[in-house]
Amino acid sequence: MIHDKKNLIRRLSRAARPALLEAACEPDLLPSMVLANVMSPALWDFRNKIWRRPAGKENQTPDANDRVVMEEIHNYMDKHLFHVSPLEIEEIWGCVDLNEERKRLGAASVNYAMDVIRRAVEDRRELGILTEKQNILPLMDAERFPDYEYSTIELIRAHRTHLQRKKHRPIGITCCADEAVLSASLAWAAGRVPVEAIIIFGSPAHYCTLVRQHDHAHWFNGKHEYFDAQGWASEHDPRDPAGIHEAFLARVQGLDRIITTSGVHRFHTNESTMSPERLAQTHEAFFHFFGTKLRPIAETLKSDIRFVSDPLQEVSLQALDEAADASAARSCLQRLAREHPGSILDLAHYAFRDLWVEHPQAYLEAASRGHLARQRAAEIASTAEALDIVRGIEGDASIFNDSDRITLPDEVLLFGTGTHRDKALLLYTLLIHAPFSSKAAKENMELIFTEADSHVRTDNISISATTLLEQPDIREPELLRLPQKPSGESL
């Protein structure tokens, strides 16, 4: 039971901080991010800005209006987001040690993802389109890789603080996975696409989104490129399957996975957590859009597919499609998550960073993986020095505009702001990783949240996150104490 709980918390922590390698190993983290987005008021604000753009255009048929809205989603993302390159990710977040990642996530999974990415980079180099900021081969040769953290809408917006040098500052920065998730989220929130009609596909090197509405489909290939089925057909002759295939591969190198809310099909293992019927429908959607059976899909269909059960295979998410705002979407997903524990509906609330989840300890584990906090912790020699780092955080607002959603320590350091809860988690994480802290102190350290303050208890003292001073007593009622240590268990 203890082992199972550890594995569960580890999985939930990956949802709380989904990064490139996590999603490479667990592709269903991406639809959990879509569901996290639809619970966010920020996404609906974004949706409303886009929705107003085609307003006033009269005499639009429903079909044309679908195209108008989808085109506006693409145009808005293309004009207002900055696509960050791999070496710019390194500048912001630093790098992970690939040997450590192999131990954490499994050597086979990490090696596979790195092989896919290496081939994609080498292909770009051979084609003469590899820019200096994209060349991560020297890093990979040194067993390092940019620490890509995939972002929900609030994190996308928070990153704009790193774009001061831009003349026309975008509203946020993204990578391809962020763009795939955001375009899917906006297409759903625009009321045009059922959540079950969202398909994210690609590989660890590149993700994009195909959405279907009735007989119409739309392909968002990153922030720069958009096609509806009609537009694709006008440029690619269905009588030329080889030409279609080459045009597709030029955009999506190494297609190896199709990801939906009801399961994932991985080509390289030929394993599917979608039902056979759902998988057939998904492959049919690709055929209708592209006008031919794409070679990677055709090849995987020739051999036996191993079908694996998934909690949502037979579950309808139609109730979510009726949500009219963020609050309604959140209420619906909370109910569905209770009915289907362990599914992506559960993961979504950790990607959303809801503090009041069943296993908030997942946030401690997600925090402990942060590269920036660990780096700062390695430099401190006392609790006083840890407190100085926290004092350096000048802002006291949440990047989520909601104190009931937790910001991880690396984000507090990067964006220079956080609530007392966020700063307490930062202090806790610094002390957990600090070399001067004893093993006993780390094992007994606690994080305590009240309504008006948060506290880190260590070595029989409590430190207030609002004053950053020792406080003998915590007089307010406790709302949450972490780590959670039920009687008879040690996590």
Side-chain angles (χ1 to χ4, degrees), residues 14 17-25 29 33 81-105 109-125 129-152 155-166 169-170 172-181 202-207 222-224 253 366-379 389 399 407-416 429 433:
R14 290 196 282 267
R17 190 186 184 275
L20 185 148
L21 286 173
E22 274 83 359
C25 299
L29 291 176
M33 292 178 66
L81 296 174
F82 177 76
H83 184 94
V84 68
S85 66
L87 293 186
E88 287 169 318
I89 288 287
E90 181 201 17
E91 291 173 8
I92 296 170
W93 288 107
C95 283
V96 295
D97 182 318
L98 289 175
N99 288 318
E100 288 185 7
E101 296 302 281
R102 290 185 182 99
K103 294 174 185 175
R104 184 170 69 88
L105 296 169
S109 295
V110 172
N111 289 340
Y112 173 78
M114 290 299 102
D115 287 345
V116 170
I117 293 169
R118 181 179 287 276
R119 286 197 300 271
V121 176
E122 290 174 344
D123 285 348
R124 292 184 67 84
R125 184 171 61 182
I129 58 174
L130 183 67
T131 68
E132 183 180 346
K133 288 287 188 180
Q134 293 171 334
N135 186 11
I136 53 174
L137 295 177
L139 281 178
M140 296 173 71
D141 290 339
E143 296 293 346
R144 299 169 66 223
F145 193 79
D147 190 12
Y148 273 90
E149 179 182 357
Y150 292 162
S151 300
T152 52
L155 282 167
I156 286 173
R157 295 198 310 183
H159 275 100
R160 73 194 299 260
T161 58
H162 297 281
L163 298 173
Q164 300 288 351
R165 65 187 183 278
K166 298 289 179 184
R169 194 152 58 114
I173 67 174
T174 53
C175 64
C176 64
D178 300 332
E179 292 151 9
V181 167
S203 76
H206 178 65
Y207 292 99
K223 95 182 188 77
H224 288 308
Q253 297 170 308
S368 74
R369 292 201 305 272
H371 170 82
L372 300 180
R374 290 168 63 185
Q375 188 177 54
R376 296 297 298 274
E379 302 167 355
I389 292 174
I399 61 171
T407 306
L408 296 179
D410 273 24
E411 296 155 0
V412 176
L413 290 169
L414 195 64
F415 304 128
T429 304
H433 287 297

Exercise. Side chain of Arg157, backbone of Gly172: donor and acceptor closer than 3.5 Å?
Worked result: no
Problem set entry | Nearest-0.5 Å distance that lies between atom CG in Leu413 and atom OG1 in Thr407 | 11.5 Å
Exercise. Does the distance from a Lys or Arg side-chain N to an Asp or Glu carboxylate O, for Lys103 and Glu100, drop under 4.0 Å?
Worked result: no
Exercise. Within the distance-only criterion (no hydrogens, no angle test), does the side chain of Asp178 pair as donor or acceptor with the backbone N or O of Cys175 below 3.5 angstrom?
Worked result: yes
For this session: Can you sort out the partners of Ser85 under side chain to side chain donor-acceptor pair (under 3.5 Å), two or more places apart, ordered by chain and number?
Result: Glu88
For this session: State the CG-CD1 distance between Asp147 and Ile92, to the nearest 0.5 angstrom.
Result: 11.0 Å
Exercise. With side chains defined as the heavy atoms from C-beta onward, is the minimum distance between Cys176 and His83 less than 4.5 Å?
Worked result: yes
Exercise. Do His371 side-chain atoms and Val96 backbone N/O form a donor-acceptor pair below 3.5 Å?
Worked result: no
Problem set entry | For Leu21 against Ala113, the heavy-atom pair lying closest together | CD2-CB, 4.0 Å
Problem set entry | Full working for side-chain contact (heavy atoms from CB on, under 4.5 Å) between His159 and Val84 | CA-CA 10 Å; His159 275 100; Val84 68; over 6 Å; no
For this session: Would you check if the side chain of Lys223 reaches a backbone N or O of Leu81 as a donor-acceptor pair within less than 3.5 Å?
Result: yes
Exercise. Between Glu22 and Leu105, what is the shortest heavy-atom contact and its length?
Worked result: N-CD1, 4.2 Å
Exercise. Is there a side-chain contact between Glu379 and Ile389 (heavy atoms, below 4.5 Å)?
Worked result: no
For this session: Apply side-chain contact (heavy atoms from CB on, under 4.5 Å) to Leu408 and Thr429, showing your working.
Result: CA-CA 10 Å; Leu408 296 179; Thr429 304; over 6 Å; no
Exercise. Roughly how far, to the nearest 0.5 Å, is the CD1 atom of Ile399 from the CD1 atom of Ile156?
Worked result: 11.5 Å
For this session: Specify whether Trp93 and Phe415 have parallel, tilted or perpendicular ring planes, treating 30° as the upper limit for parallel and 60° as the lower limit for perpendicular.
Result: perpendicular
Exercise. Can you check whether Leu372's main-chain N or O pairs, donor with acceptor, with Asp410's side chain at less than 3.5 Å?
Worked result: yes
Exercise. For the residue pair Leu155 and Glu149, what are the closest heavy atoms and their distance?
Worked result: CD1-OE2, 3.9 Å
For this session: Begin with the C-alpha distance, continue with both residues' side-chain angles, and end with the deciding distance and a verdict on salt bridge (charged side-chain N to carboxylate O under 4.0 Å, His left out) for Arg17 and Glu411.
Result: CA-CA 11 Å; Arg17 190 186 184 275; Glu411 296 155 0; 6.0 Å; no
Exercise. Is there a side-chain contact between Arg102 and Asn111, using heavy atoms and a 4.5 Å cut-off?
Worked result: yes
Problem set entry | Side chain Glu143, main chain Asn99, donor-acceptor under 3.5 Å | no
Exercise. Is the shortest heavy-atom distance from the side chain of Asp115 to the side chain of Arg118 under 4.5 Å?
Worked result: no
For this session: Work out which heavy atom in Ala23 is nearest to a heavy atom in Leu29; give both atom names and the distance.
Result: N-CD1, 3.9 Å
Exercise. Does a sphere of radius 6.0 Å around CZ in Arg369 hold more than 12 heavy atoms from other residues, nucleotides or ligands, not counting ones at 6.0 Å or beyond?
Worked result: yes
Problem set entry | Distance-minimising heavy-atom pair for Pro204 and Leu20 | O-CD1, 3.9 Å
For this session: Could you check if a side-chain atom of Gln253 sits within less than 4.5 angstrom of a side-chain atom of Ser203, using non-hydrogen atoms only?
Result: no
Seminar exercise, completed: On a heavy-atom basis, the closest approach of Ile136 and Pro86 is CG2-CB, 3.3 Å
For this session: Could you check whether the rings of Tyr148 and Tyr150 sit parallel, tilted or perpendicular, using 30° and 60° as the cut-offs?
Result: perpendicular
